[in-house]
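Note sheet for the following structure.
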Amino acid sequence: QVALVESGGGLVQAGGSLRLVCRASGGIFSSHTMAWFRQAPGKEREFVAGVSWSGGGVLYEDPVKARFTIARDNAKNMVSLQMSSLKPADTALYSCAARHGGAISKSVSDYAYWGQGTQVTVSS
């Protein structure tokens, strides 16, 4: 069983930056593919970025490419999402998710473990 706790959300002006952090406990963190998803009010949860168990493979959804960077530190059992050039459209609840083994997936159903999320609000 893996427990995930996110932090780092907040209110930021358009063009600003935030760094989200997800800390994991339980299980073997290094054996899990990790991802960030987001859900805006009235919309479905969507994939943002993912990183393979080794950190060597990453995948981004098109709207965040070149603006967001995902990274993991297996020694510290954490994954981060550095977000820059934020836009009001990035406003959402951001959640990290863990998948034991397997490749990075954009499908919500492929991830067994989820954090509670951290709110990101970008003002115009």
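Since this is a predicted model, take the numbers as computed values, not measurements.
In this structure, Q13 CD and L11 CG are separated by 8.0 Å, a value rounded to the nearest 0.5 Å. One finds the OH atom of Y111 at 14.0 Å from the NE2 atom of H100 (value rounded to the nearest 0.5 Å). The line from CZ of R99 to OG of S31 is 12.5 Å long, rounded to the nearest 0.5 Å. Atom CD1 in I104 sits 9.0 Å away from atom OH in Y60 (nearest 0.5 Å). Note that the SG atom of C22 and the CD atom of E6 stand 5.0 Å from one another [nearest 0.5 Å].
At least one donor-acceptor pair closer than 3.5 Å links the side chain of R72 to the backbone N or O of S52.
Each of M83, K87, Q82 was scored for a side chain to side chain contact (heavy atoms under 4.5 Å, CB included) with R67, with one residue passing: K87. Test T121, V64, T91, V12 against L86 for side chain to side chain contact (heavy atoms under 4.5 Å, CB included) and you get one pass: V12.
V48 and V58 fall within the same hydrophobic cluster, defined by Ile, Leu, Val, Met, Phe, Trp and Tyr side-chain heavy atoms under 4.5 Å apart, directly or through other members. Hydrophobic clustering, with ILVMFWY side chains joined whenever heavy atoms are under 4.5 angstrom apart, groups F68 together with L20. Hydrophobic clustering of Ile, Leu, Val, Met, Phe, Trp and Tyr side chains at less than 4.5 Å, counting indirect connections, keeps L93 apart from V122.
A donor-acceptor pair shorter than 3.5 Å can be found between the side chains of Y94 and R38. Using modelled atom types and a 3.5 Å distance limit, the side chains of S109 and S107 yield a donor-acceptor pair.
By the neighbour-count criterion of 12 heavy atoms within 6.0 Å, atom CD1 of I28 is sparsely surrounded, having that number or fewer from other residues, nucleotides or ligands. Within a 6.0 Å radius of CZ in R23, no more than 12 heavy atoms belonging to other residues, nucleotides or ligands are found.
Contact of the I70 side chain with the M34 side chain is not registered, since no non-hydrogen atoms from C-beta on lie closer than 4.5 Å.
Of all heavy-atom pairs spanning F47 and A35, the tightest one is CE1-CB, 4.0 Å. For the residue pair D73 and F29, the shortest heavy atom distance occurs at O-CE2, 4.0 Å. A pairwise comparison of heavy atoms in S85 and D90 identifies O-OD2, 4.4 Å as the closest pair. The two atoms that bring R19 and M78 nearest to each other are NH2-CE, 3.7 Å, heavy atoms only. Here the closest non-hydrogen pair linking V51 and T33 is O-CG2, 3.4 Å. Heavy-atom minimum distance, A24 versus L4: CB-CD2, 3.6 Å.
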